Amino acid sequence: AAISSSSDPTAFTGFGPYMPGFSSVEYNNLEELEAEFKKDGDNIAAFMVEPIQGEAGVVVPSDGYMSDVQNLCKKYNVLLIADEVQTGLGRTGYRLAVDHDNCKPDILVLGKVS
């Protein structure tokens, strides 16, 4: 399912079939996220986000972004999925990147290669 939400051709080219019904919002843009929730909230099961984006360099959100996202998700009854594959397990100075904002996602995605 995660690949169906990608907007990066290098990540999804050659794969498929893709799941329909995904929409994307600009990273670190709470107003756009809330507008999407208002527009189609009854059909949104979850919001999946990397707390710190790592594919196009290191992109850190504004302070409080993840806790604000969590509050919006609760307000609109949307599950929050934090993708911590690249940032979790101590890689940001905290156990998880979401810990910087005292955010507790509903679902957490982790990965570690030895």
Side-chain angles (χ1 to χ4, degrees):
I3 200 147
S4 297
S5 67
S6 178
S7 61
D8 179 2
T10 63
F12 64 75
T13 301
F15 297 96
Y18 307 109
M19 293 180 61
F22 280 91
S23 59
S24 296
V25 295
E26 181 183 7
Y27 181 68
N28 200 26
N29 187 329
L30 293 168
E31 293 79 21
E32 188 176 335
L33 178 60
E34 185 163 26
E36 186 70 22
F37 286 173
K38 283 180 181 177
K39 179 180 82 175
D40 202 24
D42 290 341
N43 294 309
I44 298 173
F47 175 65
M48 180 171 56
V49 63
E50 292 178 317
I52 298 174
Q53 294 193 333
E55 288 300 316
V58 177
V59 182
V60 179
S62 303
D63 288 343
Y65 173 71
M66 287 304 302
S67 57
D68 290 340
V69 166
Q70 180 180 21
N71 290 335
L72 283 176
C73 286
K74 285 181 181 179
K75 178 179 177 179
Y76 291 95
N77 198 30
V78 172
L79 294 173
L80 173 56
I81 303 172
D83 178 347
E84 293 256 15
V85 170
Q86 295 187 52
T87 56
L89 303 175
R91 294 178 182 141
T92 66
Y94 283 80
R95 181 178 54 100
L96 302 168
V98 293
D99 292 343
H100 287 274
D101 277 347
N102 295 314
C103 175
K104 304 242 183 288
D106 299 296
I107 299 171
L108 182 70
V109 182
L110 284 173
K112 187 74 173 173
V113 176
S114 57

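All figures in this text were calculated on a predicted structure; none of them were measured in a lab.
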Worksheet item: Of all heavy-atom pairs between T92 and A97, which one has the smallest distance, and what is that distance?
Response: OG1-CA, 3.8 Å

Fill in: Any side-chain heavy-atom pair of I44 and E36 under 4.5 Å
yes

Discussion item. Nearest 0.5 angstrom please: E26 CD to E31 CD, how far?
Written reply: 10.0 Å

Practice prompt. Measure the CE-CG distance between M48 and L79 for me, rounded to the nearest 0.5 Å.
Written response: 12.5 Å

Worksheet item: Which residue pairs pass the side chain to side chain donor-acceptor pair (under 3.5 Å) test with at least one member in residues 57-72, sequence neighbours excluded?
Response: N28-S62

Discussion item. Grouping I, L, V, M, F, W and Y whenever their side-chain heavy atoms are under 4.5 Å apart, do I107 and L89 come out in a common cluster?
Written reply: no

Worksheet, complete the sentence: Between M66 and the options D99, L96, N102, V49, the side-chain contact (heavy atoms from CB on, under 4.5 Å) test singles out V49

Worksheet item: Under the 4.5 Å side-chain heavy-atom rule for ILVMFWY, direct or indirect, which residues accompany V60?
Response: I52, V58

Item to complete: Could you tell me whether the side chain of F47 reaches within less than 4.5 Å of the side chain of Y76, counting heavy atoms only?
Response: no

Item to complete: For P51 and T87, work out which heavy atoms get closest and say how close.
Response: CD-OG1, 4.3 Å

Discussion item. If only side-chain N and O atoms count, and only distance matters, is there a donor-acceptor pair under 3.5 Å linking Y27 with E50?
Written reply: no

Worksheet item: Could you give the distance from NZ (K75) to CD (E34), rounded to the nearest 0.5 Å?
Response: 4.0 Å

Worksheet entry | Considering all heavy atoms, the nearest L80-C103 contact | CD2-SG, 3.7 Å

Worksheet item: Is the closest side-chain heavy-atom distance between I81 and D106 below 4.5 Å?
Response: no

Worksheet item: Taking atom CG of N77 as the centre, does the number of heavy atoms from other residues, nucleotides or ligands within less than 6.0 Å exceed 12?
Response: no

Worksheet item: Quick one: do R91 and E84 make a salt bridge, cutoff under 4.0 Å?
Response: no

